[in-house]
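Reminder, nothing fancy here: chain letters follow the sequence lines and each chain counts from 1. Computed from a predicted structure; not experimentally measured.
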There are 2 protein chains.
Amino acid sequence: MEANYTVSIVDKKKSRLKRGILKEMYRLGSRTLAQLAKALHASVPSVTMLIDELATEHWVQEIGTGAAQYGRKPALFGLRPGNQAIVVVDISVHDVKLVVFDLTNRVLNRLDVNLRLEDSVAFLESLKGPLEEISHRIQEHNLNIIGVGCALPGLVDPRTGINYTYKKLNRPEQSLQQLLAHYFDSPVYLINDTKATILGEHRFGLAKGKNHVLSINIDWGVGLGVINNGEILQGLAGFAGELGHIQLQADGELCSCGKVGCLDTLTSASSLVRRVKAGLREGRVSKLAEENFEDIDVELVIDKAKAGDELAIDLLNEVGGELGKGLSIAVHLFNPELIIVNGVVAKAERLITRPIEQAIDKYCLADFRNKLVITVSRLGEMAKLYGTQAYVVQSLLEHEEIP
Amino acid sequence: MEANYTVSIVDKKKSRLKRGILKEMYRLGSRTLAQLAKALHASVPSVTMLIDELATEHWVQEIGTGAAQYGRKPALFGLRPGNQAIVVVDISVHDVKLVVFDLTNRVLNRLDVNLRLEDSVAFLESLKGPLEEISHRIQEHNLNIIGVGCALPGLVDPRTGINYTYKKLNRPEQSLQQLLAHYFDSPVYLINDTKATILGEHRFGLAKGKNHVLSINIDWGVGLGVINNGEILQGLAGFAGELGHIQLQADGELCSCGKVGCLDTLTSASSLVRRVKAGLREGRVSKLAEENFEDIDVELVIDKAKAGDELAIDLLNEVGGELGKGLSIAVHLFNPELIIVNGVVAKAERLITRPIEQAIDKYCLADFRNKLVITVSRLGEMAKLYGTQAYVVQSLLEHEEIP
DNA sequence: TGATATTTTTAAAATAATTTATTAATAGAA
DNA sequence: TTCTATTAATAAATTATTTTAAAAATATCA
């Protein structure tokens with residue numbers, strides 16, 4: 001064994017317990033000393049001492065007193081708002097969002113940028129202005145950044161930060177990860193956008209407390225997020241959950257990935273619009289025929305469907321049916337208790353979930369669908385932001401030492 | 001907080017540490033005090049004391065001395081062979097095996113029974129004789145049974161022990177689980193056979209040390225086992241990994257599950273035999289034509305294929321191709337680093353793995369197959385037995401208190 | 001309104017664990 | 001062979017943590 005400990009066992013244990021307290025509070029909000037003691041397998045006096053230390057270090061504070069059916073009411077402790085902050089960078093093919101959160105999910109600052117993700121060095125260059133701006137604001141408000149998270153599409157390896165889909169973001173001279181580390185001088189964590197979304201749903205949305213959940217994101221493509229045993233399914237290199245490129249039609253359309261008949265080509269938001277336009281060209285009756293052909297987009301199609309337009313409803317049915325067929329494979333493989341639908345198409349609500357349900361009824365064995373619930377996200381676009389932040393907090397508390 | 005602890009915190013910690021030591025030894029074999037101290041985040045004197053206690057309780061013993069490049073050689077401690085025993089009951093559609101293991105994977109006793117699983121009360125009745133026999137042997141050899149594991153096909157909920165496929169095994173008056181508990185007077189754990197197999201591969205086979213692995217069992221049907229992050233993927237009710245009943249052909253054959261075009265109908269061992277017989281009826285040239293038509297089974301087909309028979313090779317190619325197509329979906333969803341092929345068809349070795357590889361190359365995105373290895377199991381039928389035992393040991397050390 | 005039962009919190013005592021120091025064992029060098 | 005450097009195991013000293021006990025707080029009941 002080593003001649004001398006660089007960090008003593010006692011110190012390590014203390015650090016683990018402290019991080020355990022912070023984890024509990026981040027996940028469950030305000031906690032009593034007794035609750036923490038039970039969760040951490042420690043005694044109340046020990047926890048009291050640790051809480052005192054965390055309080056003097058400005059991590060936690062007393063929030064108030066909790067309920068008790070009898071006897072003395074316990075003091076509640078929770079994370080101190082506004083003190084430690086996380087920068088969340090949400091990069092999508094539509095735009096970029098820069099959001100500063102504290103550990104209680106409060107938005108301390110936010111900057112939305114009209115910048116489309118492309119696989120180019122120019123994109124990274126365009127990002128510098130907004131990064132400059134938000135880091136300026138951070139200085140101005142004297143915020144203490146402890147970590148940075150970035151959600152983005154593509155095959156992202158969370159261990160290395162390499163994006164295998166958008167390869168230009170990995171240049172060794174200046175990668176996206178390095179860029180973010182430079183501006184915020186903090187640990188940077190990259191995560192695939194769909195995985196961030198389901199993590200958000202699991203920690204703060206409809207999936208809270210559920211251990212086996214799927215989340216499907218219908219946008220430009222189709223993204224699947226999986227919660228297994230309460231944790232994101234990543235696979236070896238973070239690629240797990242790639243449902244968009246499984247083949248559903250052997251003689252189908254050519255996909256951007258180079259293969260044929262991928263789910264993506266059949267059920268994405270863009271596929272829905274394409275179907276609508278094709279239907280109109282064929283002369284099908286629809287209120288959408290009154291619109292300027294070029295202006296027809298997903299939102300419009302969904303609006304008309306909600307207003308009762310037959311063509312729009314039919315095509316949502318079609319898309320939902322195909323999607324449900326693909327999802328039923330995922331149901332057989334993951335045996336979830338809940339499926340959450342998100343992305344632009346989620347706004348169609350029951351008009352999209354119902355055909356999905358029907359397809360799952362058709363293609364899944366009964367035991368798999370008996371207790372299965374399908375629902376539309378309530379967090380919407382916030383799920384991804386919360387999830388990215390949760391991922392950073394989780395990673396920090398897992399791997400890094402806190403001061 | 002509770003007025004008085006029924007079990008003190010100190011005792012709980014001690015129990016956790018002791019179980020931690022046993023876990024380490026079960027997984028990694030003999031260990032030094034320093035290794036254990038590091039793994040358990042405890043000091044060497046503490047571990048020394050715990051090891052002393054476990055030794056007097058007959059759980060562990062000194063095995064010998066380990067290597068050291070310099071200095072004093074460390075003492076090695078390991079699980080004491082022959083003392084604690086696990087009963088493994090392996091139920092398949094072919095036969096039933098009853099095996100008694102100690103914690104070092106030594107077979108202390110074994111009884112193979114020619115008994116076919118069917119969904120009937122009669123099956124449970126037929127099981128009583130062999131159970132009587134093996135429990136008699138256990139008494140005779142004075143073995144100390146600490147747990148029972150049972151691997152069997154079907155949708156098995158490990159939390160409740162209910163088998164949703166073979167429903168007659170769940171009768172509340174006398175379920176399979178109750179029967180086993182009665183004969184061995186120990187905790188009983190049921191697990192799906194394919195999940196047991198991959199657990200065996202992960203703990204003691206080619207998947208050891210790999211965190212993301214698929215195992216495919218080609219037998220009567222096709223079973224998929226998944227290791228994610230080093231643990232079996234179970235899903236909500238233990239049904240996860242059901243690859244056999246995803247639809248590959250919309251206009252395919254009717255499956256036993258009531259659906260159409262399931263993978264099971266295309267790629268199982270029985271499907272291979274059916275294809276061979278159909279080929280022979282069509283008059284295709286093959287050494288197999290010399291055989292008695294009724295005697296043609298999987299083993300024979302594989303033997304002939306290995307001897308170069310064209311028909312057999314072609315059809316193995318066909319089956320492997322279909323299987324690879326189905327597996328490529330699983331590869332996209334789980335992003336594994338290794339796929340292990342097991343079951344009767346695995347004996348065909350490269351004749352089955354090669355077409356699988358080809359299909360995966362065709363249907364998977366490059367990033368998913370770059371580091372992916374496909375191989376045939378080396379443990380063979382032992383994987384399932386080891387895995388079942390590992391599942392029992394793991395469950396006992398996780399949930400139960402040890403004396 | 002006061003007493004009682006219940007629960008939380010703090011303080012003191014008892015116990016348990018780590019740390020430091022010492023002794024034991026071993027490979028390689030002189 | 002003896003010495004030295006290195007690692008392991010044990011013993012003693014020190015520090016942490018739990019346990020027990022006592023005090024503080026509060027809802028219910030008489």
Do any N or O atoms of the protein come closer than 3.5 Å to N or O atoms of nucleotides 27-30 of chain C, and which pairs are they?
| residue | atom | partner | partner atom | Å |
| --- | --- | --- | --- | --- |
| C/dA27 | OP1 | B/K73 | NZ | 2.9 |

When the distance from [atom1] of [X] to [atom2] of [N] is rounded to whole Å, what number comes out?
X: B/I51; N: D/dT10; atom1: CD1; atom2: C1'; answer: 16 Å
X: B/I9; N: D/dT20; atom1: CD1; atom2: P; answer: 11 Å
X: B/R16; N: C/dA17; atom1: CZ; atom2: P; answer: 12 Å
X: A/K18; N: D/dT17; atom1: NZ; atom2: C1'; answer: 16 Å
X: B/H41; N: C/dT19; atom1: NE2; atom2: P; answer: 14 Å
X: B/M49; N: D/dT10; atom1: CE; atom2: P; answer: 14 Å
X: A/K14; N: C/dA17; atom1: NZ; atom2: C1'; answer: 15 Å
X: A/L76; N: C/dT9; atom1: CG; atom2: P; answer: 9 Å

By side chain to side chain donor-acceptor pair (under 3.5 Å) - contacts of [X] (at least two apart):
X: A/N105; value: A/Q389
X: B/E62; value: none
X: B/K384; value: B/D90

Q: Could you note down all residue pairs passing salt bridge (Lys or Arg N to Asp or Glu O under 4.0 Å) where residues 75-84 of chain B supplies at least one of them, sequence neighbours left out?
A: none
Q: Scan residues 7-16 of chain A for pairs that pass salt bridge (Lys or Arg N to Asp or Glu O under 4.0 Å), counting only residues two or more places apart or in two chains.
A: A/K14-A/E53
**Q.** Closest contact, heavy atoms only, B/G149 versus B/V392
**A.** CA-CG2, 3.3 Å
Q: List the atom of B/I145, the atom of B/S186, and the distance in Å for their closest heavy-atom pair.
A: O-OG, 3.3 Å
Q.
Tell me whether the side-chain N/O atoms of A/S43 come closer than 4.0 Å to OP1 or OP2 in D/dT17.
A. no
Q) Base, sugar-phosphate, or nothing for B/K13, non-hydrogen atoms under 4.0 angstrom? A) sugar-phosphate
Q | 5'-most by nearest nucleotide on DNA chain C - B/R72 or A/T48 | A | A/T48
Q.
Which residues pass the side chain to side chain contact (heavy atoms under 4.5 Å, CB included) test with B/N229, not counting sequence neighbours?
A. B/H212
**Q.** DNA chain D contacts made by residues 25-33 of chain A, counting heavy atoms under 4.0 Å
**A.** none
Q) Quick one: on DNA chain D, does B/P74 or A/V47 contact a more 5' nucleotide (nearest heavy atom)? A) B/P74
Q. Among pairs that include at least one residue of residues 6-45 of chain A, which meet ring pair (Phe, Tyr, Trp, His ring centres under 6.0 Å), considering only residues two or more places apart or in two chains?
A. A/Y26-A/F204
